[in-house]
Amino acid sequence: MIDTIAGGQEIADAIECGIDQRRTEAEILMEAAESDRPLGESEREELTRLRELAAHRDAPGTGDPAGGRAGREHRGALRWAATVVLLALVAVLAVGSVLARFAHGEVLDTDRYIRIVTPLGADPALQSELADRITDAIMDHVDVEAITAQALAAITENNPRVPAAFVGVAPLVGKQARDFVRDTVTSVLASNEFEALWIQANRQAHTGIAAVLTGHAHAAVGMSEDGTVSVSLGPIIDRVRTVLTEEGFTFVEQVPAIDRSLVLFRSPELVEARWWVSFLDRVDRVAPWLTVLVAACAVRVAPKGARRQAFSWVGVALALAMATLAVAIGIARSAYLHAVPAEVMTPQAAATVIDAFLVPLRTTVRAVFAAAVVIALAGFLSGPSRSAVAVREGYNRALAAVRSRRDGRDQQAIESAVGRFRGPLLGGIIAVAVIVLVFWRYPTGLVVVGTVLVTVAALLAVELVAGPRPVRRDRSHR
């Protein structure tokens with residue numbers, strides 16, 4: 001066991017030396033550590049030969065045509081500089097990819113848009129806003145108080161026994177009529193028929209919005225030139241009028257058609273952002289793959305001994321990009337709520353609407369952030385740092401402890417098969433996980449975490465069933 005611990009220290013020493021053969025040294029010593037045995041004679045000879053070669057290479061005037069260690073350090077600095085630039089580009093592209101997916105899948109996709117706004121019709125804050133606006137629209141055309149006052153005045157004039165003060169009942173009648181209309185509106189909004197009318201109105205509005213934002217139309221139903229996105233309440237008001245007439249409120253029979261709108265949100269910047277929305281819609285499918293390509297280039301450009309570290313930094317860059325985007329979303333939401341006039345929409349209704357529209361964007365941000373954390377951890381734990389090596393050694397000891405329970409019995413057929421095809425099985429599991437995350441249309445943070453956990457469990461199961469890796473003993477003949 002002491003030799004094994006010493007072998008672990010030698011692994012760290014081998015990794016720290018800056019020579020091209022360091023991976024070979026690490027493999028020799030890791031195999032000895034995993035099999036819990038001291039180094040063999042041939043392995044020690046091979047290790048000594050490689051270190052002598054390293055010492056000769058680092059000697060002044062030998063081995064390095066570019067100027068020895070100083071030249072390698074200069075090239076390493078240039079590689080890290082290029083890596084940093086590519087990592088910054090990865091962060092920018094990741095933000096663009098998330099916004100492109102949001103623009104294509106939420107802002108411009110009518111079906112997704114309808115799935116967002118449909119629950120809004122049942123939200124208490126928005127229903128109260130709707131009830132107030134529809135009631136106001138009807139009562140603006142039906143002055144029940146004035147009609148009642150005229151009728152009572154005529155009664156008092158033609159019937160001396162009716163006191164003139166009786167005309168003062170008119171305001172009470174007007175208030176009762178308004179309450180009756182609002183109760184009727186509330187009952188209509190609570191009906192199943194309202195949901196169909198609400199979906200129809202929003203679908204019509206979104207068709208116009210998408211046409212404007214993609215440049216297919218200069219004007220359309222649903223969005224005005226000042227960036228106000230609204231939904232026509234005409235069909236809903238017509239339904240309320242029908243119900244009022246059926247219940248005996250005949251005042252509305254002489255009212256002409258009423259077409260009022262409910263403002264969902266107002267943003268003058270929306271009109272100015274038409275080009276950006278159209279551009280993001282076009283690059284929706286390309287941006288994620290371009291982000292992956294640049295990330296791979298960042299890892300490839302990094303110095304040879306630091307590519308796992310660069311892989312970890314890719315995850316860090318993605319996580320920082322998503323954290324920055326999350327902060328920007330919060331700031332934009334607060335600015336929007338402060339900019340919406342109270343006469344356009346109450347603060348409660350405005351918060352309900354903007355939060356509903358931001359849920360898909362926030363979900364995507366969390367999913368990418370979760371994936372970024374997994375990438376960063378994977379790169380870190382596979383690296384040469386002491387903490388990463390300690391984690392891997394603990395993992396190997398745990399595997400060895402579980403496998404030791406099978407000592408003394410013959411290997412079963414399934415164990416032999418899994419051991420023989422260990423590499424393809426591990427690669428296939430990882431490939432399936434990547435395919436799931438890539439082709440899952442709208443993955444959430446829970447989907448990413450769940451996929452990672454299932455993948456780790458499957459990899460662990462393969463390692464447990466396959467048994468320890470075979471040790472190649474004599475490497476001196478290479």
Side-chain angles (χ1 to χ4, degrees), residues 106-107 110 112-142 144 174-209 221-224 226-244 249 252 255 257-270 332-360:
E106 310 299 335
V107 178
T110 300
R112 293 280 298 179
Y113 174 87
I114 293 300
R115 281 197 286 271
I116 292 173
V117 299
T118 297
L120 292 178
D123 183 82
L126 200 63
Q127 280 209 347
S128 178
E129 182 83 7
L130 279 169
D132 289 340
R133 294 196 176 271
I134 294 175
T135 301
D136 290 341
I138 294 174
M139 297 307 295
D140 287 347
H141 290 79
V142 181
V144 176
K175 183 179 183 305
Q176 293 293 327
R178 182 180 183 83
D179 292 343
F180 175 74
V181 171
R182 198 182 192 288
D183 290 343
T184 304
V185 172
T186 302
S187 66
V188 171
L189 296 181
S191 65
N192 294 331
E193 187 176 4
F194 165 71
E195 182 177 349
L197 294 172
W198 175 252
I199 292 175
Q200 177 186 353
N202 277 281
R203 186 176 294 278
Q204 181 182 6
H206 185 265
T207 301
I209 296 170
V221 177
M223 189 173 79
S224 63
D226 64 351
T228 300
V229 177
S230 57
V231 176
S232 174
L233 301 179
I236 302 173
I237 294 175
D238 289 342
R239 177 55 188 164
V240 172
R241 290 176 60 190
T242 301
V243 175
L244 288 172
F249 194 78
V252 297
V255 175
I258 303 173
D259 189 11
R260 292 286 181 92
S261 297
L262 174 70
V263 175
L264 288 181
F265 52 88
R266 174 183 290 177
S267 175
E269 292 79 9
L270 188 61
R333 176 187 181 276
S334 178
Y336 166 78
L337 293 178
H338 282 88
V340 175
E343 62 272 14
V344 173
M345 182 176 287
T346 63
Q348 295 81 2
T352 298
V353 172
I354 192 64
D355 287 341
F357 278 94
L358 289 180
V359 163

request  = Look up atom CZ in Arg333 and atom CG in Leu358, then write down how far apart they are to the nearest 0.5 Å.
outcome  = 7.5 Å
key: Smallest separation among heavy atoms of Leu130 and Trp198, with atom names   = CD1-CZ3, 4.1 Å
request  = Please determine which of Thr352, Asn202, Asp355 meets the side chain to side chain contact (heavy atoms under 4.5 Å, CB included) test together with Leu120.
outcome  = Thr352
inquiry  = To the nearest 0.5 Å, what is the distance between CZ on Arg239 and CD1 on Ile134?
reply    = 12.5 Å
ask   = What's the shortest heavy-atom distance between Gln127 and Gly121, and which atoms?
value = NE2-O, 2.8 Å
request  = Determine, stepwise, if the pair Ile138 / Leu244 fulfils side-chain contact (heavy atoms from CB on, under 4.5 Å).
outcome  = CA-CA 11 Å; Ile138 294 174; Leu244 288 172; 4.1 Å; yes
ask   = Within a reach of under 6.0 Å around CD of Glu195, are more than 12 heavy atoms found that belong to other residues, nucleotides or ligands?
value = no
key: Note, Asp238 side chain near Thr242 side chain (heavy atom, < 4.5 Å)   = no
task = Find out whether Leu189 and Ile236 are in side-chain contact, i.e. whether some heavy atom of one side chain is under 4.5 Å from a heavy atom of the other.
result = yes
query = Which heavy atom in Ala356 sits nearest to a heavy atom in Ile116, and how many Å separate them?
reply = O-CG2, 3.4 Å
message = Counting C-beta onward and ignoring hydrogens, is there a side-chain heavy-atom pair between Val353 and Leu126 closer than 4.5 Å?
response = yes
query = Can you name the nearest heavy-atom pair linking Thr186 to Ala131, along with the distance?
reply = OG1-CB, 4.3 Å
ask   = Is there a side-chain contact between Thr135 and Arg178 (heavy atoms, below 4.5 Å)?
value = yes
ask   = So, for Ile114 and Arg203, which heavy atoms are closest and what is the spacing to 0.1 Å?
value = CD1-N, 3.6 Å
query = Does Asp136 come within less than 4.0 Å of Arg182, counting only side-chain N to carboxylate O?
reply = no
